[in-house]
Amino acid sequence: MADYRSTLNLPDTPFPMRGDLPKREPGWVKQWQDSKLYQRIRKQSAGRPQFVLHDGPPYANGDIHLGHAVNKILKDIIVRSMTLHGFDASFIPGWDCHGLPIEHQIEKAHGKSLPPAEVRKLARAYAAEQVELQKKGFVRLGVLADWDRPYRTMDFQNEAGEIRALKEMVTKGWVYRGLKPVNWCFDCGSALAEAEVEYQDKGSPAVDVGFQIADACRQMLADAFGLDALPAGKVQAVIWTTTPWTIPANQALNVNGEHTYALVRTANGHVIVARDLVDSCLARFKLEGDVIATAQGTALADLLFQHPFYVRDVPVLVASYVGLDAGTGIVHCAPAYGVEDFQTWTAHGLATEEVFGPVQANGVYIDALPLFGGMHIWKANPVIIDTIAKAGALLSHEKITHSYMHCWRHKTPVIYRATAQFFVGMDIRQPESYTLRECAAAAVEATAFYPEWGKERLAAMIAKRPDWCISRQRNWGVPIPFFLHKETGQMHPDTPDLMEQVALRVEREGVDAWFNLDPAELLGDDAAHYDKLTDTLDVWFDSGTTHWHVLRGSHQDGRRGDGGPVADLYLEGSDQHRGWFQSSLLTGCALDGHAPYRALLTHGFTVDANGHKMSKSAGNGIEPQEVGNKLGIEILRLWLASADYSGELSISKEILDRVVETYRRLRNTVRFLLANIADYDPVAHKLPVAKWLTIDRYALALTRDLQERVGNDYLAFEFHKIVQALQHFASEDLGGFYLDILKDRLYTTAPGSLARRSAQGALWHITQTLVRLMAPIMPFTAEEIWTVLAEAGKNGPYAANLDSVMLTTWNALPMQADEAALMESWGRIRALRAQSARVLETLRAEGGIGSSLQADVEVRAAGATFDDLAALGDDLRFVLITSGATLIKVESDAEQGVSAAASAQVKCGRCWHYRADVGSNPEHPELCGRCDSNLHGEGEMRSHA
RNA sequence: GGGCCUAUAGCUCAGUUUCGGUUAGAGCGCACGCCUGAUAAGCGUGAGGUCGAAGGUUCAAGUCCAUCUAGGCCCA
């Protein structure tokens, strides 16, 4: 038997079947970096419509984890897809460099007693190191960005920019000085951040303390309980507290308006507690009693009760936070020493100036405090309890052990303590204009959200949030460069001008320019009357103002130049509704009157296969580096793109295994495409689409449809639909249909025949389309494909952009007038083909055939299906991949069907079809007629498939 | 405890934007078979869900309503 294999046009390509991703990806990364691909894309895109994604700065501490990878890869997919869409898409990466965690790192490494200037110096160096570390990680992910020129919030220009942003907000009147309870450590002598507080067990006294009704309010209290008069003798509202030291600072009682309160008669006078807690309270008081009347919490509002040992009547304030879990249902309110206490106080319109705070920074009461002046609060507890008892107001006293806040540095108990801070006011009304809250609400309304529910979430947060406290008592941060009058505490009247002078110095020397500044340099003789504030700005102010001083200052090329929001998109984890989205929104509104972004996109957090969050302790974490080293970053990217990122992102071994399958399928499909256009010259061999065979034109229509849908999905940021569409296209449209049918024609017809060039024209377009559609998600593989195309001269009209697929835009696919008709009729043909496959499978199972080419089929069809099949003529057998196919017209659907039988003919030694004309040329007895013609004659004619 | 979100075959997702309607779809994986001219590939056939749970509204619910469970983000 002659070997006809060598007479076939078999696929051939240098594109390897296996990606070998972990090994080869770093090479691509290096090439993109070395060739300055990002910069070249920007240069080539200059003048196109802009798309600005403003990068939210990750905190410069620690190696990147999966969450970082998710975030940056999504951004990269978007920037790449927008570039391919024909936008000038910028990506200026940034880092958040100031703040507590870095200060702690320095403290951990160098001890706790460094002078602040030294802390800042070390922190700056540490942050710079971390930026470089993380940058390496991000670059390895294949993220294409301006890595040579990122923004860092600690850059001098940015530090100065923040001061200018603050100046602008001060000038516009958004900033005020007020009180706020903060975590306070006596040993530090300063405020602590939440992160510096840890919880440990602590023994505390727990006391129930009675507040007698004020004489002037006895009748009103009787009315509240629906009584004609109050019983004679003591009537006390009882509170329960574990911090007796706050009693001297008591200024109110809080009740819940929704709860019911009971007036209880006991042997020790009458007491008021929540009705639901009467039994537990009496047990604690070791008293018996009867409820003689009840009243709703709201009825008690504003009644005055007597402080247990000071001559001071305090009001009842209704507060919803008061619960019934423990205590008495009545809460003692010391606004200087509790967050909720303080909020309740201000919520009732009471002045912060009236808040009474007798505890000094070192934990000692001021000397002027009666009875306890000069005592440390922890020492004063028993003395105070004794005083309460002597006043007849102590209903119970026990020792309890509870979880209590401690300083993580000194391991000593921490308290809440009201201190002076600076705020951005949410409800300050600009003259004849809006409040910040109103402006922000309108800005949220004007913003597009992906997914849509983000709008509701952010709007609810804006509606409820308190004023923004922007001051912190830290070392490593941007200073709030205010001079405050020593007596009044007021800002210097020239503050805006002074701030600009400070900004100029910070621009040159960094934040130390302020900390080192001698006030006299700016204030002259006035300096004696002013204190230089040492507070720093909340780090949310750092990142929240990046749109102001990064996009409009240090990186002007990364902004939109049309006067509106500077960015088209901010994209972060859904936790940033409270964080960066909000701080940016507030500064945008305060500075510009609108949000700095047009749209917000959020992604969820990564979880394990069971939907549980990843943690070190659970041991269910997956690191991006690990995936990159084992499977390749491309797999990680494809995993991310195939998930619906609006919810949680599940990742596990099995999930990644499935992703690998998807990758292989896509890769092999492209490999086959490349292998079959190896001898195709897209310029010299190009045929007009009108001359193509019908099925090739159908394939082109399918491809155009795919590109349109995928393009729209990119614009809508619906990447998982893209992966599904690509996979479906590769498996169903190509592998299971078009390519399967095409093999015979590609392999057996003459190399330069119309039949073959028509197919290759379609394959060339499919390849050019797929490589681009894949590129945003799988940039490594796309670039590899691009290189093969380029080196083989397969880019034809795109030869000007041989360097990188990213230098192109979507493939320009010919539009066909009869696309809709093609889709419709071939849809019917494919349904028939599926039916035929089932019949052949039955025959195969019976042992009648192996390959489908061993069979002849008879197709009975009616109506449109018959017309479609009839139009194929003799090519029907190629569509069904059988050696023979007979079409019979029937009149009704019921008569339709397919039957198959093993062919009685002889197998052609070349094309493997079983044909009656095998051997018709005596010189080539093993060949069928068309193979003989293809090899030695004019070649077969094909018009449809 | 509050706000927002998620819960469809083993896995990843669809399920017709504003208010429901025939046997709930796809790809992957799996099973079985074919091919050996995409071969550490390719093709075919097939088996898998009653839509987180139990209720309600309705002639009719995966699709609406309240509840619960599990999970996520942010607060308290």
Side-chain angles (χ1 to χ4, degrees), chain A residues 3-13 15 17-18 320-321 323-325 339-340 343 451-461 463-465 573-579 582 602-613 638-639 641-644 646-665 667-676 718 720-721 723-732 734-737 739-741 743-744 746-748 833-834 836-845 847 849-854 881 910-912:
Chain A
D3 178 18
Y4 287 102
R5 196 173 196 279
S6 60
T7 69
L8 298 170
N9 318 302
L10 292 178
D12 175 39
T13 178
F15 188 80
M17 182 178 283
R18 304 201 50 186
S320 57
Y321 80 88
L324 295 175
D325 317 327
V339 174
E340 286 158 327
Q343 282 168 0
E452 284 177 17
W453 50 257
K455 176 172 286 192
E456 195 183 343
R457 187 171 184 191
L458 187 52
M461 286 177 173
K464 280 190 293 194
R465 70 156 294 149
S574 61
D575 57 332
Q576 297 305 331
H577 285 111
R578 175 154 295 273
Q582 198 172 144
T602 51
H603 60 257
F605 283 66
T606 53
V607 297
D608 67 16
N610 299 316
H612 291 185
K613 71 164 131 189
L638 189 54
W639 159 74
S642 57
D644 175 1
S646 68
E648 293 94 67
L649 294 156
S650 289
I651 187 166
S652 68
K653 171 123 187 356
E654 183 189 356
I655 292 170
L656 286 173
D657 284 347
R658 291 294 84 77
V659 175
V660 169
E661 298 294 338
T662 304
Y663 176 78
R664 285 198 185 129
R665 183 59 201 234
R667 183 179 178 93
N668 269 320
T669 300
V670 173
R671 178 169 183 266
F672 185 74
L673 293 170
L674 290 170
N676 279 292
E718 307 252 18
H720 61 284
K721 292 187 178 170
V723 175
Q724 300 248 339
L726 290 175
Q727 193 175 8
H728 197 275
F729 184 74
S731 291
E732 296 296 298
L734 296 184
F737 178 72
L739 298 181
D740 204 24
I741 293 168
K743 283 181 214 170
D744 176 86
L746 286 167
Y747 298 169
T748 66
R833 187 172 181 273
S836 166
R838 281 188 291 272
V839 173
L840 291 170
E841 184 66 22
T842 309
L843 184 59
R844 183 176 293 130
I849 57 167
S851 157
S852 61
L853 281 179
Q854 291 170 16
I881 316 186
R910 181 167 179 269
C911 74
W912 297 348

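Convention: sequence-line order gives letters A, B, ...; per-chain numbering from 1.
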- Query: Are any side-chain N or O atoms of Trp639(A) and backbone N or O atoms of Ser650(A), one a donor and one an acceptor, separated by less than 3.5 Å?
  - Reply: yes

- Euclidean distance, atom CG of residue Leu734(A) to atom C1' of C28(B) [Å, nearest integer]: 17 Å

- Do other residues, nucleotides or ligands put more than 12 heavy atoms under 6.0 Å from the NZ atom of Lys455(A)? yes

- Task: Give a yes or no on whether the backbone of His612(A) and the side-chain of Asn610(A) come within a donor-acceptor separation of less than 3.5 Å.
- Result: no

- Taking the same atom, P, in G44(B) and in U8(B), what whole-Å distance lies between them? 29 Å

- Assign G48(B) to syn or anti; the rule is syn for a glycosidic angle within 90° of 0 and anti otherwise. syn

- Message: Counting the atoms with a prime plus P, OP1 and OP2 as sugar-phosphate, which does Asn668(A) contact under 4.0 Å by heavy atoms, base, sugar-phosphate, or nothing?
- Response: base

- Message: Within the 4.0 Å heavy-atom criterion, would you say His577(A) contacts the bases, only the backbone, or no part of the nucleic acid?
- Response: nothing

- Integer-rounded Å distance: C11(B) C1' and His720(A) NE2: 15 Å

- Task: Could you give the distance separating C19(B) and U23(B) at their P atoms, to the nearest angstrom?
- Result: 22 Å

- Message: Taking the side chain as everything from C-beta on, heavy atoms only, tell me whether Asn676(A) gets closer than 4.5 Å to Tyr747(A).
- Response: yes

- Item | Tyr4(A) vs G37(B): side-chain N/O to OP1/OP2 distance below 4.0 Å | no

- Message: Is Lys721(A) close enough to C13(B) that one of its side-chain N or O atoms is under 4.0 Å from OP1 or OP2 there?
- Response: no

- Message: Under 4.0 Å between a side-chain nitrogen and a carboxylate oxygen: does that hold for Asp740(A) and Lys743(A)?
- Response: yes

- Message: The side chain of Ala643(A) is closest to which nucleotide in this list: G3(B), C75(B), U12(B)?
- Response: U12(B)

- Message: Just to be sure I understand the rule, does Ala837(A) reach a base, reach only the sugar-phosphate, or reach nothing, if contact means heavy atoms closer than 4.0 Å?
- Response: sugar-phosphate

- Message: If you compare all heavy atoms of Leu649(A) against all heavy atoms of Asp644(A), which two are closest, and at what distance to 0.1 Å?
- Response: CD2-O, 4.2 Å

- Task: Could you check whether Ser731(A) gets within reach of a base, just the sugar-phosphate, or nothing at all, counting any heavy atom under 4.0 Å?
- Result: sugar-phosphate

- Query: Quantified in whole Å, what is the C1' atom distance between nucleotide U17(B) and nucleotide U12(B)?
  - Reply: 24 Å

Name the pairs: protein N/O against N/O of nucleotides 33-35 of chain B, kept only if under 3.5 Å.
residue : atom : partner   : partner atom : Å
C34(B)  : O2'  : Gly850(A) : O            : 3.0

- Query: Among U12(B), C73(B), C28(B), which nucleotide sits nearest the side chain of Lys613(A)?
  - Reply: C73(B)

- Task: Would you classify Glu661(A) as touching base, sugar-phosphate or nothing, given that sugar-phosphate means primed atoms plus P, OP1 and OP2, and contacts are heavy atoms under 4.0 Å?
- Result: sugar-phosphate

- Measure from the side chain of Lys464(A), starting at C-beta and using heavy atoms only, and say which of G3(B), C28(B), A14(B) lies closest. G3(B)

- Expressed in whole Å, how much space separates the P atoms belonging to A66(B) and C5(B)? 12 Å

- Task: Starting at atom CG of Leu649(A), determine the distance to atom C1' of C11(B), rounded to an integer number of angstrom.
- Result: 15 Å

- Task: Using whole Å, report how far NZ of Lys455(A) lies from C1' of C5(B).
- Result: 17 Å

- Query: Side chains of Leu843(A) and Gln854(A): does their closest heavy-atom pair fall under 4.5 Å?
  - Reply: no

- Query: For Gln582(A), which of His577(A), Gln576(A), Arg465(A) qualifies under side-chain hydrogen bond (donor to acceptor under 3.5 Å, both in side chains)?
  - Reply: Arg465(A)

- Starting at the 5' end of RNA chain B and moving along, which residue's nearest nucleotide shows up first, Arg18(A) or Ile655(A)? Ile655(A)

- Query: With a non-hydrogen cut-off below 4.0 angstrom, is Thr13(A) in contact with a base, only sugar-phosphate, or nothing?
  - Reply: nothing

- Whole-Å distance separating the CG atom of Asp644(A) from the P atom of U8(B): 12 Å

- Message: Give me the distance, rounded to whole Å, that separates A70(B) from C32(B) when you measure between the C1' atoms they each carry.
- Response: 37 Å

- Which one, A38(B), G46(B), C74(B), comes nearest to the side chain of Arg838(A)? G46(B)

- Query: For Leu458(A) and G3(B), what is the distance between atoms CG and C1' respectively, to the nearest whole Å?
  - Reply: 13 Å

- Checking G3(B), G27(B), A38(B) against the side chain of Gln727(A) (C-beta onward), the nearest is G27(B)

- Query: When the P atoms of G10(B) and A53(B) are considered, how many whole Å apart are they?
  - Reply: 13 Å

- Are any of the side-chain nitrogens in Glu661(A) or Arg658(A) under 4.0 Å away from the carboxylate oxygens of its partner? no

- Candidate nucleotides A40(B), C11(B), C13(B), ranked by approach to the side chain of Glu654(A) - the nearest: C11(B)

- Query: Short question: side chain of Arg910(A), backbone of Thr748(A) - any donor-acceptor pair under 3.5 Å?
  - Reply: yes

- Item | Selection from A14(B), U12(B), C43(B) that lies nearest to any side-chain heavy atom of Arg665(A) | C43(B)

- Does the Ser642(A) side chain pair with the main chain of Val723(A), one donor and one acceptor, at a distance under 3.5 Å? no

- Message: What contact category does Arg910(A) fall into here, base, sugar-phosphate, or nothing, at under 4.0 angstrom with non-hydrogen atoms?
- Response: base

- Taking only N and O in the side chain of His603(A), is any of them less than 4.0 Å away from OP1 or OP2 of C73(B)? no

- Query: Between G37(B), G3(B), C11(B), which nucleotide gets closest to the side-chain atoms of Tyr747(A)?
  - Reply: G37(B)

- Represent RNA chain B in dot-bracket notation, 5' to 3'. Only Watson-Crick or G-U wobble pairs with both distances under 3.5 Å count; pseudoknot-style crossings use [ ] and interstrand partners use |. (((((((..((((.......[...)))).(((((.......))))).....((.((..]....)).))))))))).

- Message: Could you tell me how far U67(B) sits from G49(B) if I compare only their P atoms? Round to whole Å.
- Response: 32 Å

- Task: Could you tell me whether Arg5(A) contacts a base, only the sugar-phosphate backbone, or nothing, with contacts defined as non-hydrogen atoms closer than 4.0 Å?
- Result: base

- Message: Go through it in stages, so that I can follow the logic: the residues are Glu841(A) and Arg844(A), the test is salt bridge (charged side-chain N to carboxylate O under 4.0 Å, His left out), and I'd like the CA-CA distance, side-chain angles, deciding distance and then a yes or no.
- Response: CA-CA 5 Å; Glu841(A) 184 66 22; Arg844(A) 183 176 293 130; 2.8 Å; yes

- Which part of the nucleic acid, if any, lies within contact of Gly573(A), taking any heavy atom under 4.0 Å across all strands shown: a base, the sugar-phosphate backbone alone, or nothing? nothing

- Query: What is the nucleic acid contact for Glu456(A), judged by heavy atoms within less than 4.0 Å: base, sugar-phosphate only, or nothing?
  - Reply: sugar-phosphate

- Assert: residue with more 5' nearest nucleotide on RNA chain B, out of Gly735(A) and Gly604(A), is Gly735(A)

- Task: Rounded to whole angstrom, note down the P distance from A9(B) over to G62(B).
- Result: 14 Å

- Note on the structure: Here the distance between atom P of C5(B) and atom CZ of Phe605(A), to the nearest Å, is 17 Å

- Task: Can you spot which of Ile655(A), Ile651(A), Asp657(A) makes a side chain to side chain contact (heavy atoms under 4.5 Å, CB included) with Lys653(A)?
- Result: Asp657(A)

- Query: Are any of Arg664(A)'s side-chain N or O atoms less than 4.0 Å away from OP1 or OP2 of G29(B)?
  - Reply: no

